[in-house]
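Below is one structure, written out as structure tokens; the observations come after it.
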Amino acid sequence: METNLGVFVAVHSQVGLHYLHFVNEEESALRNVQDFYGKYDIQKGEMSPELKSKLFSHKGLKLLPLGTDFQLRVWQKLTSIPSGEKRSYKQLALELGDKKAVRAVGTAIGANPIAYLIPCHRVIQSSGKLAGFRWGLERKNALLNLERLSLHTASHVI
DNA sequence: GAAGTGAGCCCCG
DNA sequence: CGGGGCTCACTTC
């Protein structure tokens, strides 16, 4: 799917959305999906209009990422950060009950399988510096800017 | 500010 | 086991 933020690839099933990644390079993006989900019976295709509209509206879409218990806890926490706001890795580690786990939290966030809808882009360093985004810092910055600008409107970003 | 370092936790090979 | 990661706080320049 092409959007004003770039190209996305998604993996979904009857029960929900499992995976949503930015595509920088089509080949490696598809290989990634294959690595992760190759053991399942997946069918390739253009995104259906229904799925697209759900991605746009952020409604009627269950997020079902695949991960370890720890990763799921971290990703769950991310979804509680409101649009337009930011948290630090440290804050999240504290809220998860272990201030020493900052690096583990960072690693788990880096493994976020559902871009944007699980808002890993809203996490910055405690110094306030923007750092760490597998799809590029520029993209992270663009997402944050869009959210900041569209705070008082009902419009969504993707 | 920038650069270097030890601590510390989770994950993968 | 061992190393590395979307870290942090501290030191030193």
Side-chain angles (χ1 to χ4, degrees), chain A residues 1-13 15-42 47 54-56 58 61-151 156-158:
Chain A
M1 173 176 79
E2 297 208 26
T3 72
N4 54 353
L5 285 175
V7 182
F8 284 94
V9 57
V11 176
H12 75 99
S13 69
V15 279
L17 179 72
H18 305 285
Y19 183 98
L20 182 67
H21 269 211
F22 288 102
V23 174
N24 284 332
E25 200 208 333
E26 184 169 335
E27 227 176 272
S28 60
L30 292 179
R31 199 176 338 116
N32 250 326
V33 171
Q34 190 62 33
D35 288 345
F36 255 95
Y37 294 96
K39 58 182 166 179
Y40 301 100
D41 179 25
I42 48 176
M47 279 195 211
K54 284 179 186 173
L55 286 174
F56 276 106
H58 300 190
L61 199 57
K62 250 194 181 157
L63 303 185
L64 298 168
L66 223 54
T68 65
D69 289 347
F70 179 76
Q71 288 171 333
L72 292 175
R73 279 177 62 218
V74 173
W75 299 335
Q76 179 69 41
K77 202 80 196 165
L78 290 181
T79 62
S80 70
I81 308 175
S83 178
E85 291 191 22
K86 296 178 217 166
R87 297 284 187 279
S88 70
Y89 297 96
K90 185 183 165 188
Q91 276 177 294
L92 293 181
L94 283 175
E95 288 178 31
L96 289 165
D98 188 356
K99 64 180 174 185
K100 289 175 292 189
V102 271
R103 296 201 66 187
V105 169
T107 306
I109 291 175
N112 171 27
I114 304 186
Y116 184 72
L117 297 180
I118 296 180
C120 59
H121 56 282
R122 295 181 194 143
V123 188
I124 61 175
Q125 292 191 172
S126 58
S127 64
K129 193 176 165 193
L130 203 67
F133 197 61
R134 33 209 293 242
W135 295 297
L137 283 185
E138 278 183 32
R139 184 119 60 189
K140 187 167 181 172
N141 197 34
L143 288 170
L144 290 171
N145 277 335
L146 280 167
E147 290 186 348
R148 193 165 44 80
L149 295 174
S150 59
L151 258 190
H156 292 295
V157 177
I158 289 187

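Here the structure is a predicted model, which is why all the values come from computation and not from measurement. Proteins come first, then strands; the chains are lettered A, B, ... in the order of their sequence lines, and each starts at number 1.
Heavy atoms only, all atoms of each residue included: Met47(A) and Leu55(A) are closest at SD-CD1, 3.8 Å.
Within the nucleic acid shown, Asn112(A) has no heavy atom closer than 4.0 Å to any nucleic acid atom. Among the heavy atoms of the strands lying under 4.0 Å from Lys140(A) is at least one base atom, whether or not backbone atoms are also near. When heavy atoms are screened at a 4.0 angstrom cut-off, Ser127(A) is found touching no nucleic acid atom at all. Residue Phe70(A) is in sugar-phosphate contact alone, with no base atom involved, counting any heavy-atom pair closer than 4.0 Å across all strands shown.
Sequence neighbours left out, not one pair with a member in residues 106-121 of chain A passes salt bridge (Lys or Arg N to Asp or Glu O under 4.0 Å). Among residue pairs with one or both ends in residues 28-39 of chain A, none qualify as salt bridge (Lys or Arg N to Asp or Glu O under 4.0 Å); sequence neighbours excluded. Within the structure, every pair that satisfies the salt bridge (Lys or Arg N to Asp or Glu O under 4.0 Å) test and touches residues 86-111 of chain A, not counting sequence neighbours, is listed here: Lys77(A)-Glu95(A), Glu85(A)-Arg87(A).
Paired with His21(A) under the rule ring-ring contact (aromatic ring centres under 6.0 Å, His included), one option of Trp135(A), Phe8(A), Tyr37(A) passes, and it is Trp135(A).
For Arg73(A), the side-chain contact (heavy atoms from CB on, under 4.5 Å) partners at least two apart in sequence or on another chain are Phe70(A), Leu96(A). Contacts of Phe36(A) classified as ring-ring contact (aromatic ring centres under 6.0 Å, His included), with partners at least two apart in sequence or in another chain: none. Residues meeting the ring-ring contact (aromatic ring centres under 6.0 Å, His included) test with His18(A), sequence neighbours left out: none. In this view, Arg139(A) satisfies the salt bridge (charged side-chain N to carboxylate O under 4.0 Å, His left out) rule with no residue, not counting sequence neighbours. Considering only residues two or more places apart in sequence or on other chains, Glu2(A) meets the side-chain contact (heavy atoms from CB on, under 4.5 Å) condition with Val7(A).
Stem regions for DNA chain B, each three or more consecutive Watson-Crick or G-U pairs with both distances under 3.5 Å and listed by first number, read B:1-7 with C:7-13, B:9-13 with C:1-5.
Of all nucleotides in DNA chain B having an atom under 4.0 Å from a heavy atom of chain A, the first and last in 5' to 3' order are dA7(B) to dC11(B). Here chain A contacts DNA chain C (any atom closer than 4.0 Å to a heavy atom, that is under 4.0 Å), and the contacts span dG5(C) to dA9(C) from 5' to 3'.
Comparing Ile124(A) and Arg103(A) against DNA chain C, the residue whose closest nucleotide sits nearer the 5' end is Arg103(A).
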Cut-off 3.5 Å, no hydrogens considered: what does the side-chain donor-acceptor table look like for residues 117-134 of chain A, sequence neighbours left out?
unit_1    : atom_1 : unit_2    : atom_2 : d
His121(A) : NE2    : Glu147(A) : OE2    : 2.8
Arg122(A) : NE     : Glu147(A) : OE1    : 2.8
Arg122(A) : NE     : Glu147(A) : OE2    : 3.2
Arg122(A) : NH1    : Ile81(A)  : O      : 2.7
Arg122(A) : NH2    : Glu147(A) : OE2    : 2.7
Ser127(A) : OG     : Lys129(A) : N      : 3.4
Arg134(A) : NE     : Gly110(A) : O      : 3.2
Arg134(A) : NH1    : Gly110(A) : O      : 3.1
Arg134(A) : NH1    : Asn112(A) : O      : 3.2

